[in-house]
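All remarks here apply to the structure that follows.
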Amino acid sequence: STKSRSASFTVTDDLFPLIPLMAEKGLTGNFNFTNPGVTTNKEILELWKKFVDPQHSWVDVDPSNQGQVTAANRCYAQLDVSKLLAHFDVPLIEQSLARIFSQLGAEKANSGQAN
């Protein structure tokens, strides 16, 4: 069976606007700069298929065999973002990915209608 490892992901549209706010607040130290929650590559592809390209297909790769099909091994870190969340509201990764892919799907549909 295919195993999919969960990891933290960053949606830059959510996090980058926080950089000047962090500077204004004088925040220092180490922050895990990622959206709260975890997801998997497979879940991301499923969202892509749902919102953007229903015909998209892929082959799941068991993480234990990844070194055979990728140039480098992958890191599957699950980061604690409680320090960041103490200062800012950051959307869950699942919400952000659904928002982004929904927008991309709408843009794709609109561009297809314009042709």
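Position 1 is the first residue of the sequence; numbering continues from there. Any value given below was found using the heavy atoms of this structure, including those in side chains, with hydrogens, waters and symmetry copies removed. Please read all numbers here as calculations on a predicted model, not as lab measurements.
Placement of Ile44 and Phe51 within a single hydrophobic cluster is found when ILVMFWY residues are connected by side-chain heavy-atom separations under 4.5 Å, directly or transitively.
Partner of Thr39 under the side-chain contact (heavy atoms from CB on, under 4.5 Å) criterion, chosen from Leu47, Ile93, Leu92: Ile93.
With a 4.5 Å cut-off on side-chain heavy atoms, Lys49 and Phe101 do not count as touching. The shortest distance between side-chain heavy atoms of Val11 and Arg99 falls below 4.5 Å. Here the side chains of Trp48 and Leu104 are in contact, with some heavy-atom distance below 4.5 Å.
Between the side chain of Ser111 and the backbone N or O of Lys108, at least one donor-acceptor pair lies under 3.5 Å. At least one donor-acceptor pair closer than 3.5 Å links the side chain of Thr34 to the backbone N or O of Phe9.
For the atom pair CD (Glu46) and NE2 (His56), the distance works out to 11.0 Å, reported to the nearest 0.5 Å. For the atom pair CD1 of Ile19 and CG of Leu27, the computed distance is 12.0 Å after rounding to the nearest 0.5 Å.
Scanning both residues, Phe31 and Thr28, for their nearest heavy atoms gives CE1-O, 3.5 Å. The two residues Val38 and Glu94 come nearest to each other via the heavy atoms O-OE2, 2.9 Å. Summarising the geometry of Ser96 relative to Asn35, their closest heavy-atom pair is OG-ND2, 3.4 Å, with the distance given to 0.1 Å.
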Per-pair distances, 0.1 Å, donor-acceptor, side chain in residues 79-91, under 3.5 Å, sequence neighbours excluded:
unit_1, atom_1, unit_2, atom_2, d
Asp80, OD1, Ser82, N, 2.9
Asp80, OD1, Ser82, OG, 2.8
Asp80, OD2, Ser82, OG, 3.3
Lys83, NZ, Asn30, O, 3.1

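Taking the six-membered ring for Trp and thresholds of 30 and 60 degrees, Phe16 and Phe33 have nearly parallel ring planes, at less than 30 degrees apart.
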